[in-house]
Amino acid sequence: MSAMTPQQLTKQVLAAYAGTPDPRLRELLTSLITHLHAFATETGLTRQEWLAAVEFLTATGQKCDAERQEFILLSDVLGFSSLVDLINAADGATECTVLGPFYVPGAPTRAMGEQIGRPEDGIPTLVRGRVTDAAGRPLDGATLDVWQSNSDGLYDTQDPQQPPFNLRGVFVTGPDGGYHFRTVRPASYPVPVDGPVGDLLRGAGRHNWRAAHIHLIVSAPGHRPVTTHIFDAENPYLDSDTVFGVKDSLIRPFRPAGPADPPDVSYITEMDFVLAAQ
Ligand SMILES: [Fe+2]
C-alpha cells in the first residue's frame with residue numbers, strides 16, 4: 001500500500017465540497033481549494049511557514065477596528081483590490097481604481113467652481129472637464145463625489161486641524177456635462193506600516209507611498225458609477241504606487257495657470273469622465 005500523495009488529498013477535499021448546493025459558492029470553493037493546495041504543493045510549504053501565515057493573518061484581523069481595515073490594506077498592497085477592480089471594469093468607461101480607506105459618504109454638495117479646501121491646505125488648483133456617456137454625449141445631472149488629502153498628505157479624518165469634510169465635496173453637472181472645482185495640488189502619502197502589512201512591505205523591501213491623487217466617484221442616473229483617481233503626472237511614485245492603483249489613462253499634467261486662466265489658481269488639470277450605460 002503506497003502513501004497518499006498531495007494530489008490524492010486535493011482530490012479528496014474537492015470531492016467533499018462538490019455537493020455545495022449554491023452553484024457560485026461551489027465554483028468559488030472548488031477554485032480556492034485547487035489554487036490553495038497547488039500553492040502549498042508547489043512551494044513545499046513547511047509547517048513553520050504555515051504557522052507563520054496563520055499568525056500573520058491573525059495579527060491582521062487583530063489590527064482592524066472601526067477606523068483601521070488592515071485586511072483591505074493587505075489586499076491593496078498585494079494588488080488584489082486592483083485586480084478585482086480590473087475584472088469588474090465596464091468596457092468603454094473611464095478606468096477605475098481603488099476606493100481606499102478614506103472615503104466618507106455624505107460630503108456637502110457644493111456650487112460648481114467652489115474651493116473644497118482652505119488656503120493653508122496647499123497650492124490652489126483648478127480641476128475641470130466633462131462627464132459623457134460612451135458615445136460622447138454630455139451627461140446632465142452627473143455627480144462627482146471628490147475627496148483628497150492636503151499638501152501634508154493628510155485627510156480630514158486623520159488630521160484634527162482640518163474641519164470635517166475639508167477637501168471633500170459633491171458637484172452636479174448641468175446639461176453640458178461640464179464640471180469644475182477648486183482644490184489644492186494633491187501630495188503623496190504613506191500607507192500605515194505599524195501593523196502586519198508594514199512587516200510584509202519591509203520584508204519585501206517595498207516602500208509604502210501612494211502616488212499623489214485626487215479621488216472621485218463619478219455617477220449618473222442609468223449609468224454604472226466609476227470609482228477612480230486623477231494622478232499628478234509629475235509624481236515620483238507613479239511607477240511604484242504601493243497599492244498598484246496607477247493606470248496610464250488616469251495620469252494628468254498639472255500645468256501652471258496662464259494669463260487666460262482664473263487668477264486665484266496656480267495649477268490647472270483637466271480630465272473627462274466616460275460612464276457606461278447600466
Ligand atoms: Fe487617497
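Note: hydrogens, waters and symmetry copies are ignored here, and every other heavy atom, side chains too, is used. Note that ligands are numbered from 1 as they come in the structure, with each ligand's atoms numbered from 1 the same way.
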Note to self: So, applying ring pair (Phe, Tyr, Trp, His ring centres under 6.0 Å) with Trp147, which one of Phe165, Tyr103, Phe181 is it?
What the structure shows: Tyr103
Residue [X], metal the Fe ion (ligand 1), N/O/S under 2.8 Å:
X: Gln148; result: no
X: His213; result: yes
X: Ser149; result: no

Next item on the list: Go through the side-chain N and O atoms of Thr143 and Ser219 and say whether any donor and acceptor fall under 3.5 Å apart.
Entry: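 No, Ser219 and Thr143 have no side-chain donor paired with an acceptor closer than 3.5 Å.
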Check: Are a donor atom and an acceptor atom from the side chains of Asp272 and Thr132 found within less than 3.5 Å of each other?
Finding: no
Margin query: Test of geometry: compute the angle OH(Tyr155)-the Fe ion (ligand 1)-NE2(His215) and round it to 10°.
Written below: 90°
Check: Does Asp261 come within less than 4.0 Å of Arg255, counting only side-chain N to carboxylate O?
Finding: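 Here Asp261 pairs with Arg255 in a salt bridge, since their nearest N and O are under 4.0 Å apart.
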